[in-house]
Amino acid sequence: AQRVTQPEKLLSVFKGAPVELKCNYSYSGSPELFWYVQYSRQRLQLLLRHISRESIKGFTADLNKGETSFHLKKPFAQEEDSAMYYCALKEGAQKLVFGQGTRLTINP
Amino acid sequence: NAGVTQTPKFRILKIGQSMTLQCTQDMNHNYMYWYRQDPGMGLKLIYYSVGAGITDKGEVPNGYNVSRSTTEDFPLRLELAAPSQTSVYFCASSPGTGETDTQYFGPGTRLTVL
């Protein structure tokens with residue numbers, strides 16, 4: 001069965017420091033992976049997808065098939081990055097399997 | 001566009017009661033989903049639909065039923081509420097194809113069963 005693991009439930013860094021949110025997956029085929037984010041009092045929304053190879057709000061994520069990882073990175077954290085982050089794997093007919101989520105707190 | 005709307009926002013049920021969680025989207029999306037999120041856990045798929053008249057089970061369907069009579073609406077029915085169904089429920093929709101497979105989420109319904 002496909003699985004997504006986010007090993008850190010909580011992550012706290014200082015403003016300006018680098019951020020890395022870890023995501024590991026298990027999948028037998030070619031994975032399609034996403035990062036979703038939920039800011040305080042807002043809806044869960046897509047942050048980025050690996051096939052787009054894009055940088056959104058300074059965040060990037062590289063798919064590493066050898067390590068089965070899709071870690072989310074940002075070189076310099078900002079206070080507005082504080083949120084709940086979910087890694088997700090596409091399964092079958094547009095279904096998503098979500099990790100447990102990581103709550104990121106950026107300290108001033 | 002309102003996007004995905006869910007009602008109610010909060011609800012407290014007694015064990016054995018039934019209720020329907022409403023979900024509506026105005027984006028003409030083919031795909032719709034129901035997830036539940038327990039404290040400290042990720043979202044788990046309950047049911048999904050690929051179009052009007054078509055529904056299928058997700059990872060945790062027991063205790064729930066759905067219907068999809070229109071493109072816009074995807075209600076989730078709890079027939080005999082149990083404490084294990086205390087959770088936050090999210091509805092989502094998606095165009096469902098290729099690069100446009102982003103899921104758009106509703107604000108959630110917080111359900112407590114006592």
Side-chain angles (χ1 to χ4, degrees), chain A residues 1-11 21-27 30-54 56-57 61 70 72 83-104, chain B residues 1-6 9-10 23-25 27 29-51 54-61 66 68 74 87-110:
Chain A
Q2 290 84 347
R3 286 290 179 266
V4 177
T5 303
Q6 292 179 251
E8 302 142 327
K9 284 193 173 182
L10 302 170
L11 182 62
L21 289 84
K22 292 183 167 54
C23 172
N24 290 92
Y25 66 91
S26 63
Y27 187 68
S30 288
E32 288 189 53
L33 287 144
F34 306 80
W35 278 99
Y36 278 78
V37 61
Q38 188 170 26
Y39 301 103
S40 179
R41 297 177 185 167
Q42 294 187 28
R43 303 179 183 204
L44 191 63
Q45 59 186 289
L46 178 69
L47 179 62
L48 56 80
R49 67 183 76 220
H50 91 269
I51 59 174
S52 299
R53 300 183 180 273
E54 57 200 346
I56 302 294
K57 300 184 178 183
F70 187 56
L72 184 68
M84 194 76 183
Y85 290 81
Y86 294 94
C87 183
L89 170 69
K90 185 192 277 191
E91 175 189 64
Q94 309 299 332
K95 296 184 289 182
L96 291 177
V97 176
F98 284 87
Q100 292 181 322
T102 298
R103 182 171 297 281
L104 176 64
Chain B
N1 285 354
V4 179
T5 58
Q6 292 182 238
K9 289 186 178 180
F10 306 95
C23 176
T24 300
Q25 54 95 4
M27 297 174 282
H29 286 170
N30 290 322
Y31 288 72
M32 295 188 74
Y33 313 82
W34 274 106
Y35 295 91
R36 60 176 287 172
Q37 182 179 35
D38 300 329
M41 306 293 289
L43 284 73
K44 293 187 184 293
L45 184 64
I46 305 171
Y47 271 95
Y48 68 100
S49 169
V50 302
I54 307 169
T55 63
D56 207 348
K57 296 177 180 179
E59 185 181 355
V60 289
V66 293
R68 183 95 182 271
F74 190 42
S87 190
V88 180
Y89 291 83
F90 291 99
C91 180
S93 72
S94 166
T97 55
E99 292 277 337
T100 60
D101 57 0
T102 301
Q103 291 193 16
Y104 296 83
F105 284 80
T109 294
R110 186 175 296 275

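In the text below, chain A, chain B and the rest are named by the order of the sequence lines, each starting its count at 1. The structure presented is a predicted model; accordingly, all values stated were derived computationally and were not measured.
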Please tell me if the side chains of [X] and [Y] come closer than 4.5 Å, counting only heavy atoms from C-beta onward.
X	Y	result
A/Q45	B/F105	no
A/L96	B/Y35	yes
B/L43	A/Y86	yes
A/Y36	B/Q103	yes

For B/Q37, is it the side chain, the backbone, both or neither that has a heavy atom under 4.5 Å from a heavy atom of chain A?
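Just the side chain, heavy atoms under 4.5 Å.
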B/L45, part contacting chain A, at a heavy-atom distance under 4.5 Å:
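Contact with chain A: side chain only.
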Heavy-atom donor-acceptor pair, A/R43 side chain to B/G108 backbone, under 3.5 Å:
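Not at all, since once roles are kept as given, no pair shorter than 3.5 Å links the two residues.
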Going from OG1 on B/T102 to CG on A/L48, what distance comes out if it is rounded to the nearest 0.5 angstrom?
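Going from the OG1 atom of B/T102 to the CG atom of A/L48 covers 11.0 Å.
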